[in-house]
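To keep things clear, I will list the structure first and then write my remarks on it.
Per chain, numbering begins at 1; letters A, B, ... match sequence-line order. These numbers were taken from a predicted model, which means no experiment stands behind them.
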Amino acid sequence: MFYREAGEFKTTYAKDQQTFPIALDRWGYFITLALAFLAVPFFINDYWANAVVLPFLIYVIAALGLNILTGYCGQVSLGTGGFMAVGAYASYKLMTAFPDLNIVFVILLSGGITALVGMLFGLPSLRIKGFYLAVATLAAQFFLVWLFNKVPWFYNYSASGQISAPERTLFGQAVTGANAVPAISYLFCLVFVVVLAWAARNLTRGANGRKWMAIRDMDIAAEIIGVNPLKTKLTAFGVSSFYIGVSGALLFAVYLGAAEVGEAFGINKSFLVLFMIIIGGLGSIFGSFAGAAFMVLMPVLLKNIMVGQFGFPTDIAAHFEFVIVGGLIVVFLIVEPHGLAMLWRIAKEKLRLWPFPH
Amino acid sequence: MNTQSYVTADGRTIGPAVMEMKNITLRFGGVVAIKDISFDIRQGEIRAIIGPNGAGKSSMLNVMNGFYHPQEGEVMFHGTKRRAMRPHQIAHQGIARTFQNIALFKGMSTLDNIMTGRLTHMKSGLLRQMVWWGASERDEVKNREVVEKIIDFLEIQAIRKTPVGRLPYGLQKRVELARALAAEPKLLLLDEPMAGMNVEEKEDMSRFILDVNDEFGTTIALIEHDMGVVMDIADRVVVMDYGKKIGDGTPEEVRTNQNVIDAYLGVAHD
Amino acid sequence: MLDTTEPTETLLEVNNIEVIYNHVILVLKGVSLSVPKGGITALLGGNGAGKTTTLKAISNLLHSERGEVTKGSISYRNAPVADLNPSALVKKGVIQVMEGRHCFEHLTIEENLMTGAYTRGAGRGEIAKDLEMVYEYFPRLRERRKSQAGYTSGGEQQMCAIGRALMSRPETVLLDEPSMGLAPQLVEEIFGIVKDLNEREGVSFLLAEQNTNVALRFAHYGYILESGRVVMDGPADELRENPDVKEFYLGMSDDGRKSFRDVRSYRRRKRWLS
Amino acid sequence: DLVFPSLSYRTGPYAANGIPFADGYEDYFTLVNARDGGIGGVPARVVKCETGYNTEKGVECYESTKGEGALVYQPLSTGITYQLIPKATADGIPVHSMGYGRTSAANGKVFSNIFNYPANYWNGASLAVNHILDENGGDIKGKKIALLYHNSAYGKEPIRTLEELAKKHGYDLSLLAVDHPGQEQKSQWLQIRREKPDYVLMWGWGVMNQVAIQEAANIRFPMDNFIGVWWSGSEVDVVPAGEGANGYKALAMHAVGDDFPVFDDLRKYVVDAGTAAGAGDQLGTVLYNRGMYAAMLAVEAAKTAQALHGVAEINPAQMRDGMEALEMTEAKMAALGMPGFGPEFTVTCENHGGPGLGAVQQWNATDKTWSLISDYGPSDMEVIGKLIMEDSSAFAAENNISESCN
Amino acid sequence: MSAGFYFGVEVFLNGLMAGVMYSLVALGFVLIFKASGIFNYAQGVMALFAALTLVGFQSGQIPFAHLINAVFGTELHHFGWKMPTILALIFTLMVMILFAFLVEKFILKHLVNQEPIILFMATIGLAYFMEGFGDLMWGSEIKKLDIGIPQGGNFWLEEKTATLGGDGFYGFYLDNLDIWATVCAIILVASLVVFSQYTKTGRALRAVADDHQAALSVGISLRAIWVIVWSIAGFVALIAGIMWGSKSGVQFSLSLIALKALPVLMLGGFTSIPGAIIGGLIIGVGEKMFEFLIGAPFLGGATENWFAYMLALLFLVFRPQGLFGEKIIERV
Ligand SMILES: Nc1ncnc2c1ncn2[C@@H]1O[C@H](COP(=O)(O)OP(=O)(O)OP(=O)(O)O)[C@@H](O)[C@H]1O
Ligand SMILES: Nc1ncnc2c1ncn2[C@@H]1O[C@H](COP(=O)(O)OP(=O)(O)OP(=O)(O)O)[C@@H](O)[C@H]1O
Ligand SMILES: [Mg+2]
Ligand SMILES: [Mg+2]
């Protein structure tokens, strides 16, 4: 028995409600955090930062956001790309209009603006449910992309409609722009991820989370119990959009540095983030991390193996990548429809029983 | 109208009417589910609603908690006419219920399900909850204590952390009752709480219902098909048939009512 | 009526099966039972004893719930059923009425009933006749035949589910909690129908029931299941006289039926928590 | 060795356009290695990376290849180019966005590492107008010109220029946006049918091109009054429309067809040797030629750099200098077996965009061939130069760049 | 009447036609949703794949040639024969039926009784898979699809109506291809309605959509139902693929037509076959008229994509199940 729950008794309810009730998990968590903050910055280089780590961290935030809306509150949304675009354009406008505004505020304000937009598009969710809602959120996706493309004010009337992030610093270190050091950008995103993940965890384990889940599991019963459906759904849309907006702002400002709305925030982005939470596990904070890691790492890994190791022509490798990623998604869903988070949980359960099943 | 309080044989005080249904008619397209029914529920009593399948009993509960809006008639709550409200507003007035087809939140653990019953009592705002430490945690612990009491009371300690989807039917019903109780309602509506249980479990359930009524003074309206249970625990019984009221009175009166025997009981029950 | 003394052909044989859900939750821990041709066999037991699971194991519906039979065998007419799919089993004459009704919400009552005849190659006339038969048994259904099943009351749905199964002209019916949520009169009626079908048409029944009282009145033989094991079995009338059964399942004390009001102390026999 | 990354897209919605370009780009380096033993004696190495036209994958490709000593990037996507502008500048690696990307990058004083010679979108817009002027004897006052454009950064590029030129020449400009991917263009073409513009210009990409040409044929729009930018003028764009596409025109910044000595070399050293990147049946097609042309310019710039710095194994910074000093003369091209393949031009620090020369090509549906119907003519630098200065100084201001030439 | 009016009518008519083209794709969605409650995102890719296969057969392409060449260094491309259209159609249909079998065997069978969103995700996975697979099999270059359906404006109509609106009007323009598509759509819809409402299999199909387990319990073979439905959906995809492919050539982007079908679906209701066609007409007309009257003159154009969704959204707010969808049963 390597992994044990038994023998740990909680004496207060507060203790019983903590995030990692098992000591082993708790230590694993602290060690991971320590590594992430104290070790990784010294090893990170351009390639790792830009190809893997930054997108991973940024997508974690988006996945957390969508997971709140879809995984916890049960409202399937395909508008993620559009909402990320709101975050990105908001941050661009803020950065260029108020050059002295601290970048942290820029990012947070962008999230706030996105939250408002998200709530606006969340209004129909009171009447529209299930896949109808999912498809309806595409209205947001297409409309927002069109809007940012069409109205020159959003891209400061530049000739091409591309937006580029100017350099902004924090404590004298560049976090955006070409001169940002990977370790700094990494730490900047990491702080956002940790704080937001922690907030998401708190939101979902308390009264709010229960309201969301009640709406998700059975909205009629929830309403009869006293959950105000509109208010609850709108909070979910708001909070979720805040996260997605922050991630959109980071994606643009810290990771990409330049963006064009149709390309960077198209419908594919919506699907990508949705994949992350499904593969990771709906309604699971850990799942958001696992799913983002999977969807970011998988293609890079496949490419490196197929092109780097086996010397496939790049196009065949790319086609295979589609085949493999698509196939893996299906396989995952078949093996465990509740995602990596559930697989992890079952593995732990098995480990706990080991070596005596049943 | 019953305004006089009285004391029952086993020493409980029955007060004036909490809820009065006045000439309720409910139609779904062509189907008339409830036809001009009036009755009342008095403070502290256990009121049973019985009747054959499809008589409109569940629909009646749905009218009581505002899920259905009757085409005619009105609902009086604490003596005043209730205006049109959404079900969640009604829940905040202190009405809780269980459902005929279990309506638990499948994705959550037993504990979380019961905690949802406390939502009407939990106040800390969004930002506070984000931070958790402080107000939010205190709120959580305070309500958790109430819930733990109910868990103890219903003897479901061992399944606290089990996802409800995995529980057998009978336990799910019990969790549902716990969730309704957690709201500390003034009026508790139970839709067939003992369906699918064996005698032993029904005994337990009856016990819980009686104790809730006794200890917290909760008024209870319940639908049940097991006549043994109804006869034993109800103070008064309404009988419905095809949307009409065909009997109303003490179990004893109802049992001997010929209309009721014809429509529902078949044979006089012991 | 079946004569219990005479050895009869065994239709269904369940041999020491174990069922695990989700690879980890062991639910049945060795259940054996047999259903004789032309008999009504009752499967009794409290909540979570594993009755539903047993029935689903027989009709091969476990798969879709991520459950599997890991040990033991089930045979129908001496042929193993493990690798038959549910539809092949229905063709062989074994049909299950599922717990909790499971009507097709968006289909009308009549369409629901018609789906029951799906596996039969019967012509329109024959199906119309069977439909008539079901309406004879459940007149209430005739009234509601054009409404969508999702909008009918709980009891109506239960009737619909049973009627639907009858439409397949089964040889063996696995009936899961037929009395749940039904008015007493209707319970009697449904059991009457079961008995009728059994006697007149020779349909065999395996019924899982909580309402021990009624079940034992109509069944020939009973098994009592507790936490995934058969703890007792015997002919129905013997079981009815057994003092434990009387106490725990029939709610009778030595001096007749107890009142529900009088059970003052909680029992601490939480079998399901074991 | 000298590393030339090839960021290609052989998958995704634009694969049909991406494949021949990438083949041409890669094959030319193979040829240089096989025939000349490399560039100045140093073998060229192509590092391939598939972007799928996706900006994020583009970043990954950039990061994963730059470590190998990449000399110059040809990102082959406007989106990716924008991404690389700050990154590559910071890393000191030059980017060559040939006929796409950020037009104002032509101002080398602001965009030190970005090159977009020999012509850019704004040149293109002007070239198209010039062609129309030629056809109408220099007077197009009151003519109606419609621009059908892909509703994205790329498609919107020519609008400013066309508006400026409209002021100058007095034509009426109407704008017709087509949303990605552009499968449905009924509205736009009904509008064209209604308003009967004299000319339709197209800035399209991917499936939009095929549908537009098909629809134009359907409404019987006179095809020789329909002019696409160079990204809307390859074989794949016109073939699906069959006969109907006959006479369609497109801009060109290099020659078409395989009637050049260099193709004999390619066949001999690359295709027959079995080292071709593709099936070897694309030689002479528009996009293959473009890829090859881009590679040739890269090789020539590398040679210039070698000469300039006197080393054979050049680094990216030296490559940049080579690009800034690039001179393409007719003699040079002829020596390479490509006489008249592209315009003559020189690059300077002030002008990373070249002279903006371009030609017009026309499709013959019966022979299934493109042919140039004009010489490499000049574009209206008077108008364009001003716009470039405006846009680049705005960028410089936003990003705190001081304009300079070293 | 003025020319402007007739232009409006022309846009209207073309909107109707465009709507029919959307409906062709939407129909496939509806079929699968009705029969299994699966929101099949792969429908667009299926259309692409069917069209690719058809062209492949017609032109005698060797499947996986590119891959084989890359691995074995061979130079394979074509078999060297051309197949008659009819034969190619039949073979393609057989491939789509085989596809239905495989989907059932490798995906659906294992996902019985799962939540809709999981099934939805599985079809997205499938879409990815098919996209890569289709490219590997047939290559990613653009192919011309021609099975003899006439294209281009209908001159007869144009001439007959040329005098209607005075000098400024030159007769109604309708694309022959669209007219053909309309005929196909009408036949398809009519036969599918009959199939699903009045046949035993149709009934079983709706039963499966409601409750997998219960369907199993009455002996409906999910497997058979799914294979049938996916085969029919494959057939519908083939028709959609032919129509759209004739217009733009067969290429990767064809899979994106799914996105044009979604608002149609939403407006008509996920479960209604007639809804798919009527939804299509409304969306087609709505978006074209909006672009004609408001979008192009005032908003700078390209409004169709989002407007279709907004229009559908508007309808949904009043009828959450779409115009013809089955009422969402809300009971406790
Ligand atoms: N899908 C499932 N996944 C996990 N556990 C399950 C599942 N279905 C049932 N169980 C567990 O199996 C046990 C037996 O359940 P089953 O439904 O067979 O009981 P039952 O005898 O039919 O009870 P009831 O009378 O309440 O219907 C229960 O403890 C239940 O928690
Ligand atoms: N939302 C609805 N739409 C249409 N008809 C409805 C609706 N709700 C209930 N009905 C009909 O109203 C009648 C009464 O239903 P109700 O559920 O109240 O019966 P019940 O007395 O609870 O029966 P049971 O004991 O079987 O649960 C039934 O015939 C039912 O079909
Ligand atoms: Mg009821
Ligand atoms: Mg059961």
Under 4.5 Å to a heavy atom of chain D? For Gln251(E) that would be side chain
Non-hydrogen atoms of chain D under 4.5 Å away: do they reach the side chain of Ser255(E), the backbone, both or neither? neither
Do Ser6(D) side-chain atoms and Val47(D) backbone N/O form a donor-acceptor pair below 3.5 Å? no
At a heavy-atom separation under 4.5 Å, does Glu131(E) approach chain D through its side chain, its backbone, both, or neither? neither
Any idea which of Ala16(D), Gly244(D), Ser187(D), Ala177(D) has the most non-hydrogen atom pairs under 4.5 angstrom with chain E? Ser187(D)
Quiz item: cation-pi between Arg194(D) and Phe7(E), 6.0 Å / 45°: yes
Taking Gln361(D) for its side chain and Gly233(D) for its backbone only, find out whether a donor-acceptor pair lies under 3.5 Å. yes
Is chain D contacted by the side chain of Asp178(E), its backbone, both, or neither, given a heavy-atom distance below 4.5 Å? side chain
So, do Trp231(D) and Arg290(D) sit near enough that their side-chain heavy atoms are less than 4.5 Å apart? yes
Heavy-atom pair with the smallest gap, counting every atom of Gly171(E) and Glu10(E): O-OE2, 3.5 Å
Is chain E contacted by the side chain of Ile219(D), its backbone, both, or neither, given a heavy-atom distance below 4.5 Å? both
Between Lys196(D), Gln191(D), Arg10(D), which shows the greatest number of heavy-atom pairs under 4.5 Å with chain E? Lys196(D)
Is the side chain of Tyr100(D) donor-acceptor paired with the backbone N or O of Leu76(D) at a distance under 3.5 Å, no angle test? yes
What I'd like to find out is whether the side chain of Leu145(E) reaches to under 4.5 Å of the side chain of Ile242(E), using heavy atoms alone. yes
Heavy-atom contact with chain D under 4.5 Å, split by part of Phe155(E): side chain
From the list Gly153(E), Ser253(E), Gly249(E), the residue making the most non-hydrogen contacts under 4.5 Å with chain D is Ser253(E)
With a 4.5 angstrom heavy-atom cut-off, could you sort out which part of Gln183(D) is near chain E: side chain, backbone, both or neither? both
Let me know if Ile257(E) has heavy atoms under 4.5 Å from chain D in its side chain, its backbone, both or neither. both
Determine the minimum heavy-atom distance between Asn17(D) and Gly206(D), stating which atoms define it. OD1-CA, 4.3 Å
